[in-house]
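Per chain, numbering begins at 1; letters A, B, ... match sequence-line order. Source: prediction; values computed, not measured.
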Amino acid sequence: MNRIKKEFYQNSAVDLAPALLGKLLCRNIEGEIYKHRVTETECYFGESDTACHAHKGKTERTKILYEEGGIAYIYLCYGIHSLLNIVTGEKGFPQAVLIRGIEGYIGPGRLTKHLQIDRNLNGEDLVFSKKLWLEDDGFTPHYKVSKRVGIDYASEEDRNRPWRFIVD
DNA sequence: AAAGTGATCATG
DNA sequence: ATGATCACTTTG
């Protein structure tokens with residue numbers, strides 16, 4: 001088993017979003033283990049990023065983004081969809097990578113539905129968890145870069161950042 | 001194109 | 001306590 005270790009997560013979300021492409025998202029549901037390769041990510045970086053949930057500062061919901069990298073940030077979007085993020089970097093600087101797609105399940109809300117990931121797993125430690133973790137089997141795919149989606153509320157500068165990463 | 005759905009946060 | 005907002009998906 002090649003579970004991704006703590007140090008891997010102690011980097012910038014901007015670098016980790018592309019680095020997470022091709023890694024295996026692993027989920028244990030009542031003893032049944034599912035592994036899917038990550039195919040699409042986006043990064044959200046710091047309070048200065050007006051698209052990042054933490055751009056208004058630390059609140060009950062966003063405090064988890066300020067933790068040390070290597071844990072899950074999961075929130076309910078539009079009252080329907082659970083979205084999975086990987087918190088990254090040093091403690092105190094909020095940043096995360098949104099997992100937007102895996103092999104077979106494109107779309108941030110669809111993959112969480114399939115893997116039964118919801119807010120019960122918010123804060124799950126991906127380094128030690130038996131329910132949710134990431135593995136590296138050495139595969140590094142080619143990918144393309146584009147703008148983030150669904151963030152019309154952000155500043156023009158932030159909307160235009162090339163922070164979405166998709167496997168070819 | 002538009003609804004569906006509920007946690008979250010700012011306002012009062 | 002109330003209301004606006006929202007890192008989406010499905011259906012027509």
Exercise for the section: Considering only NZ, NE, NH1 and NH2 on the basic side and carboxylate oxygens on the acidic side, decide whether A:E42 and A:R100 come within less than 4.0 Å. Expected result: yes
Practice task
Apply the side chain to side chain contact (heavy atoms under 4.5 Å, CB included) test between A:R37 and each candidate in A:L24, A:L21, A:V167, A:I102; give the one that qualifies.
Solution key: A:L24
Fill in the blank from the handout: When A:E135, A:K130, A:K131 are each screened for side chain to side chain contact (heavy atoms under 4.5 Å, CB included) with A:W133, the one that passes is A:E135
Using whole Å, report how far [atom1] of [X] lies from [atom2] of [N].
X: A:H55; N: C:dT5; atom1: NE2; atom2: P; answer: 13 Å
X: A:N85; N: C:dA7; atom1: CG; atom2: C1'; answer: 8 Å
X: A:L98; N: C:dC6; atom1: CG; atom2: P; answer: 16 Å
X: A:Y78; N: C:dT10; atom1: OH; atom2: P; answer: 15 Å
X: A:N122; N: B:dG6; atom1: CG; atom2: P; answer: 19 Å
X: A:Y75; N: C:dC8; atom1: OH; atom2: C1'; answer: 9 Å
X: A:Y153; N: C:dT5; atom1: OH; atom2: P; answer: 14 Å
X: A:R148; N: C:dA7; atom1: CZ; atom2: P; answer: 11 Å

Could you tell me whether [X] contacts a base, only the sugar-phosphate backbone, or nothing, with contacts defined as non-hydrogen atoms closer than 4.0 Å?
X: A:I151; value: sugar-phosphate
X: A:L83; value: sugar-phosphate
X: A:R110; value: sugar-phosphate

Completion exercise
Under a 4.0 Å heavy-atom criterion, the protein footprint on nucleotides 7-12 of chain B, written with B, S and -, is SSS---
Exercise for the section: Begin from the C-alpha positions of A:T39 and A:E103 and carry the test side-chain hydrogen bond (donor to acceptor under 3.5 Å, both in side chains) through to its verdict. Expected result: CA-CA 6 Å; A:T39 59; A:E103 261 178 11; over 6 Å; no
Practice task
Might you work through the side-chain hydrogen bond (donor to acceptor under 3.5 Å, both in side chains) test for A:Y73 and A:H53, ending with a clear yes or no?
Solution key: CA-CA 11 Å; A:Y73 166 52; A:H53 283 171; 2.7 Å; yes
Fill in the blank from the handout: When both distances are under 3.5 Å in a Watson-Crick or G-U wobble arrangement, the nucleotide paired with C:dT11 is B:dA1
Practice task
Taking the side chain as every heavy atom from C-beta outward, state whether A:C43 and A:Q95 have any atom pair closer than 4.5 Å.
Solution key: no
Problem - Verdict with supporting geometry, A:I166 and A:E40, side chain to side chain contact (heavy atoms under 4.5 Å, CB included) - result: CA-CA 4 Å; A:I166 310 169; A:E40 180 177 344; 3.9 Å; yes
Practice task
Kindly say if A:H81 contacts the phosphate of B:dT5, meaning a side-chain N or O under 4.0 Å from OP1 or OP2.
Solution key: no
Exercise for the section: For C:dA7, take OP1 and OP2 only and decide whether either is under 4.0 Å from a side-chain N or O of A:R164. Expected result: no
